[in-house]
Amino acid sequence: MTSEPTTEPAGPPRYNPAEIEPRWQARWEELRLHTADLYSDAKPKFYLLTMYPYPSGDLHIGHWSIIAPTDVAGRFKRMQGYNVFFPFGFDAFGLPAENAAIKGGIHPREWTDRNIDNMRRQVKLIGAALDWSKELITADPTYYRWNQWLFLRFMEKGLAYRQMAPVDWCPKDLVVLAREQVLGADRVCWRCGTQVVKRDLEQWFFRTTKYADELLNYDGLRYPEPIKVMQTNWIGRSEGAEIAFEVAPDDQQPGGEQIRVFTTRPDTLFGATFMVLAPEHPLVDALTHPENKAQVDAYRTEARRKSEIDRLSTDREKTGVAIGAHAINPISGEQIPIWIADYVLSTYGTGAIMAVPAHDERDFAFAQRFSLPIRVVVAPRDVVPDMMDTAYVAHTHDEVLLNSGDFTGLPAPEGARQITARLEEAGKGKSAVTYRLRDWLVSRQRGWGAPIPVVYCEADPSCGMVPVPDDQLPVLLPDDIVQWPAQGNPLETHPTWKHTTCPSCGGPGRRETDTMDTFVDSSWYWWRYLSPGKEDGPIDRALNDAWCPVEQYTGGAEHAVLHLMYARFFAKALNDLGLVHEREPWKRLFNQGQILGEDGERMSKSRGNVQDPDALVARYGADTVRLFLMFMKPWAADAPWNAKGIEGVNRFLRRLWTVATDPLGREHGDAEAGRLPAGQTAADAADDLLRTAHRTLKKITTDHADFGWNTMISALMELTNKLVRLRGSEVASLPAWDETVRLTLLMLAPMAPHISEELWARRVEALGEEWSSIHTQSWPVFDPALVATDEIELPIQVNGKLRDTISVPTATSAAEIEQLVLARDKVRAYLQDAEVARVVQVPGRLVNVVTKPK
RNA sequence: GGGCGAGUGGCGAAACAGGGAGACGCAAGGGCCUUAGAAGCCCUCGCUGCGAAAGCGGCGUGCCGGUUCGAAUCCGGCCUCGCCCACCA
């Protein structure tokens, strides 16, 4: 059997990442190189945050593609002189742990802890400059205690409340879901994909709608445009008017009830020919005429069943029934019939609309279906729209009102204003704003989450619902559940846990058994990173003042209207509570793209297309895997995994290793090895090399600003290729060679921290200098004189087509260039049958000779 | 149905503000070195016409049109794919 020699064979050492990577990681830890001094003011501060993972068990390549490039950004900032805080933790509450517990008879805590241990090990393989001294785990009582404390503060401020409401229920996970967690037209659970059902349940909400307007303001935030668009659409602000229609008296009833509607088009009020209430509208019972009752009841039952089974596509035929009563148009006095229909939603606006079929597609379809009148009240000047097929909803900005009493002839926007004003005088309306955004439903009927700290007194009705006093926090989860129940909430079925005493009267009480949505945990974790052990409050305000808001946050775009919006809500709420100084959590957000499986599908265990970084690291080393992830695509782009290209970056590192450790060696098999480029002296070649190094440095420094990893690596490859070509030549003994190697290592250090550290150490040793880590060096500064060129090569076009190139000194004047260009043989060939019409010059870029026939 | 984004060689991609399309890498082919090589080094590599070759042309960034001296880039219309929303009054 053969074995690796224990000492290196003669000749240059080989690149062996398996040896150098663990060695340097241990050394960095020993030196506490990545532990930020949060109390130091010596350097400018930079809080760098990446989304903490859910400890599902395995770290896959997708996690690497978030953490590694973020680490590069942090390491670059450190070299630029910043005090960088880059912490990590785990989003440890959640359903997968409970599912494992149900299946495997293991407590969720045990399952979670085990997974965290494995994932922490895997994350450490990346060699990221993470500050592990501030690690936090949200399932730890030292964390969720403060969830509970914040919940109590929210209650005091009216930001948390309990209410009966129709809510979305996942029949598979047996929990309610926030509106944001129900996806798509099929209305499926965000986690398990099961179609949700509606249920009327008493649930806890956070009042996110309080900040709806402020959430629409992104001033000063560098967020990806799609995130802003998605959040804006989700919040869905609509401006318009709220208008009160009065129920008309008739032979069945005295009338007089107010039906409030919301409309974005008060200008169309004269076109309202009927009214539609949501089937669940509270006035339906009272207003329905006896002869309509059977039909109405049947429709309401059917509507309820439908909404529970299946939301049909938007183009299904409209349905509805008249209830018999009429309403009075508050501006024209006209009486119009009242209908119910399920296209009007009880949960949006006021749950009732004025129907203007001439100017709303849905109302139009409804009117057609039930032969209701369609009256045009808005049209472009001197045009009568054809109302045969479709409603007229366009805005050309020169529409005027028609058939609208005193308001006829007014431009539509002015009409809207005046009609609203008239209604307001009469006390029958006012301008109003409505949002699509609903309050965040935060209670979950699960046993692996932060218990909601409330007790229901069973002794004295006057106590009612009692918040758990601060000094009784945390409300701990039970640790003694042997078999996790497959059905129902473990806190509910636990024999003793929910039974307690009322904090108010001391009598028997029952604990709230709902726990908090895990998105509550993730809405404030970065503040806790600053002081994860703090015992007298959730957030250290002095550190918050010093370090927040987070300078750069990185993570996936799939959280656009979930985590990324909830966290913004928290910043505003915590600011109102005086706990933090800022109202936005992060100054800059970046969404990295996804790495898909080799089949182009999302990576998942069930598809069997998950890429395991451990095997790649074992084969190529962490530096190669890091580089490859950054080289294979722009950071923001999605791309399927294809490991083929990894050879390329690995080759690049091996070449760099060779030129750095053995500059004088020559390649066998290359007749040109060791020779200077044709026509160049050693001094020429050295000068060219150094200039290339400085141009590379300039490019890379610039590319860092927008995370252009792939082009940075390309530039370093080019520079290294230049070194390879000069290896073994005279240039390799000149100062320019050593300076180029030095700059290359420094530029590479953030991206491939281990190999650059190793080569740095070897270089320092060879020079007999005192060692200090490459990662504590300053980012080099390029020399403008070396970046500047004294000769430029100009492309020459004739009529926009490339025909020639010319090399001229930088200082050549436009007139001189024109003269030179027109004298070129290739240009003159085109001037045989044509003459010069003009010569376009873009200084430093190109020359275009435009001709015309003679 | 609406909104947003994207479409460039066999493949991943680059082209910063309208100025040399395809940098860098993968794959492929040829060569060198080698006992040998899966290592390393060198060369070729968008399609196509003429040519023995050096070379000289034509076409080419999803499609059709436009603006411009000049378009992957800007404008209009269309096609395909992806994501988000989906009766929101």
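Within every chain, numbering begins at 1; the chains are lettered A, B, ... in the order of the sequence lines, protein sequences first and strands thereafter. All figures in this text were calculated on a predicted structure; none of them were measured in a lab.
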Student: In terms of side-chain heavy atoms of A:Leu345, which of B:C41, B:C69, B:A89 is nearest?
Tutor: B:A89
Student: Please convert RNA chain B into dot-bracket. A pair counts if it is Watson-Crick or G-U wobble with both distances under 3.5 Å; crossing pairs go in [ ] and bases paired with another strand get |.
Tutor: (((((((..(((......[....))).(((((.......))))).(((((....)))))..(((((..]....))))))))))))....
Student: Are A:Asp168 and A:Lys198 close enough for a salt bridge, meaning some N to O gap below 4.0 Å?
Tutor: yes
Student: Quick one: label A:Asn721 by what it contacts on the DNA or RNA (base, sugar-phosphate, nothing), any heavy atom closer than 4.0 Å.
Tutor: sugar-phosphate
Student: According to ring pair (Phe, Tyr, Trp, His ring centres under 6.0 Å), who are the partners of A:Phe370, at least two apart in sequence or on a separate chain?
Tutor: A:Trp339, A:Phe366
Student: Over all strands shown, is A:Val849 touching base, sugar-phosphate only, or nothing at heavy-atom distances under 4.0 angstrom?
Tutor: nothing
Student: Can you identify which nucleotide, out of B:C59, B:G40, B:C69, has its nearest atom closest to the A:Glu667 side chain?
Tutor: B:G40
Student: Let's see if you can work this out: which of B:G57, B:C85, B:C26 has an atom nearest to the side-chain heavy atoms of A:Arg651?
Tutor: B:C26
Student: Do the side chain of A:Glu361 and the base of B:G1 come within less than 3.5 angstrom through a donor-acceptor pair of N or O atoms?
Tutor: no
Student: Could you tell me which non-hydrogen atom of A:Arg438 sits nearest to which non-hydrogen atom of A:Thr208, and how far apart they are?
Tutor: O-OG1, 3.2 Å
Student: Classify the nucleic acid contact of A:Phe274 as base, sugar-phosphate or nothing, counting any heavy atom under 4.0 Å across all strands shown.
Tutor: nothing
Student: Could you run through nucleotides 7-14 of chain B and give me one letter per nucleotide, 5' to 3': B if any protein heavy atom sits under 4.0 Å from the base, S if only the sugar-phosphate is that close, - if neither?
Tutor: -----BSS
Student: The side chain of A:Pro226 lies closest to which of these nucleotides: B:C4, B:A39, B:C69?
Tutor: B:C4
Student: The side chain of A:Asn848 lies closest to which of these nucleotides: B:A89, B:G58, B:C69?
Tutor: B:C69
Student: Could you check A:Val261, A:Val344, A:Val284 and say which one makes a side chain to side chain contact (heavy atoms under 4.5 Å, CB included) with A:Leu277?
Tutor: A:Val284
Student: Looking at A:Trp234, does the NZ or CZ of A:Arg436 lie under 6.0 angstrom from its six-membered ring centre and within 45 degrees of the ring axis?
Tutor: yes
